[in-house]
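Counting begins at 1 with the first residue of the sequence.
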Amino acid sequence: MMPTVPSPRLTTMFRVLLGMQFARLRKSWRPYIVVSAVMPAGIVLLLHLMTPHINVSERQDVISGAMLLSEAIASIVMLSQYVAWLHVSRALDHYRVLPISLEVLVLSLTGVYGLFAWPGIALIGIEGVFLDHLTLRFGAVLIPLLLVTALAMGAIGIIIGLLAPDEGIAGLVGNLVMMAILFLGMVPAMSSSRMPWLWILPSTGSIAILRHSLFDQPAAVTTLWTGELLYAIIALSIATYFIKRPS
C-alpha cells in the first residue's frame with residue numbers, strides 16, 4: 001500500500017499556484033496589460049476631448065467608472081476566456097489531480113488576473129490629474145478594494161468560463177455580462193431610491209467606495225464594504241462549486 005502524500009499548507013499552495021499562473025503569463029502579459037489599460041484610458045481621453053465642459057462631479061464619475069472598467073475587463077472577460085480554454089482543452093483536469101485545494105486555485109486565478117488592471121487604473125488616475133485637473137487621494141484602502149473587487153468579478157469570470165462551450169463564446173458572454181454589471185452598477189449612485197435592488201451588483205459598492213476614497217464623496221462605507229465582502233464570498237463559493245464538478 002502506497003503511503004498517503006500529505007497536502008501542502010494553504011500558504012504554500014497559494015504561493016505555488018500564483019507562481020504557476022505568473023509563469024504561464026510571463027510571455028503573454030503584454031496583450032492583457034494593453035487591453036485592460038488602453039481601452040479604459042482611451043475612453044477617458046475621448047470623453048475629455050468631446051465634452052470639455054462637464055462639471056467636476058461628472059468627471060469624477062468618468063474616472064471612477066473607467067478604473068472599474070479596467071478591473072472588469074481583466075477579471076471578467078480575460079479570465080473567462082482563459083478558464084474556458086482550461087476547461088475545453090482538459091487542462092483543468094491536471095489541477096484536479098494535484099494535491100491542492102481548488103478553493104485556493106480560484107483565489108490564485110482571480111488574484112493574478114485582477115493585478116492586470118492596476119497599470120490601467122494608474123494611467124486613468126494620471127489622466128484625471130493632468131487632463132481633468134482633479135485631486136485624487138491614492139490611499140492604502142485602494143489595495144484591499146481592488147483585491148476584493150477582483151475576487152468578486154473574477155469569480156463571475158470563472159463561472160462564465162466553466163459554463164461556456166468554448167473560448168470565443170466565453171469572451172462574448174463575458175463582455176455582455178461585464179457591460180451589464182458596470183452600467184447597472186452605476187445606476188444606484190444616481191438614483192438609488194428608484195432601483196435599490198441594484199446594490200446587489202459588485203460594481204455598485206466598488207464604485208461608491210472608490211469615489212469616497214479618491215474624491216472624498218459621501219458614502220455609507222461600512223455597509224458598502226460589508227456588501228462587497230459578502231458578494232465576493234458568495235461568488236467565490238459558487239465558482240468553486242462549478243470548478244469542482246466533474247467535466
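The two residues Ala41 and Glu127 have their closest heavy-atom pair at O-OE2, 2.9 Å. Taking all atoms of both residues into account, the shortest heavy-atom contact from Ser206 to Leu145 is O-CD2, 4.0 Å.
The shortest distance between side-chain heavy atoms of Glu228 and Tyr231 does not fall below 4.5 Å. Contact check for Thr51 versus Ile54: side-chain heavy atoms found under the 4.5 Å cut-off. A heavy-atom distance below 4.5 Å is found between the side chains of Leu214 and Leu142.
The 12-atom threshold is exceeded at CZ of Phe138, counting heavy atoms of other residues, nucleotides or ligands nearer than 6.0 Å. Other residues, nucleotides and ligands place no more than 12 heavy atoms under 6.0 Å from the CE atom of Met39.
In this structure a side-chain-to-backbone donor-acceptor pair under 3.5 Å is missing from Arg245 to Thr240. Ser80 places a side-chain N or O within donor-acceptor distance of the main-chain N or O of Val77, the cut-off being under 3.5 Å. Asn55 places a side-chain N or O within 3.5 Å of a backbone atom of Ser57 that can act as its donor or acceptor partner. In this structure, the side chain of Ser213 does not engage the main chain of Ile209 through any donor-acceptor pair within 3.5 Å. Side chain of Arg137 to backbone of Phe215: no donor-acceptor contact under 3.5 angstrom is found.
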Test Asp61 against Arg211 for salt bridge (Lys or Arg N to Asp or Glu O under 4.0 Å), laying out the working first.
CA-CA 8 Å; Asp61 288 337; Arg211 292 177 80 251; 2.7 Å; yes

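Using modelled atom types and a 3.5 Å distance limit, the side chains of Ser36 and Ser70 yield no donor-acceptor pair.
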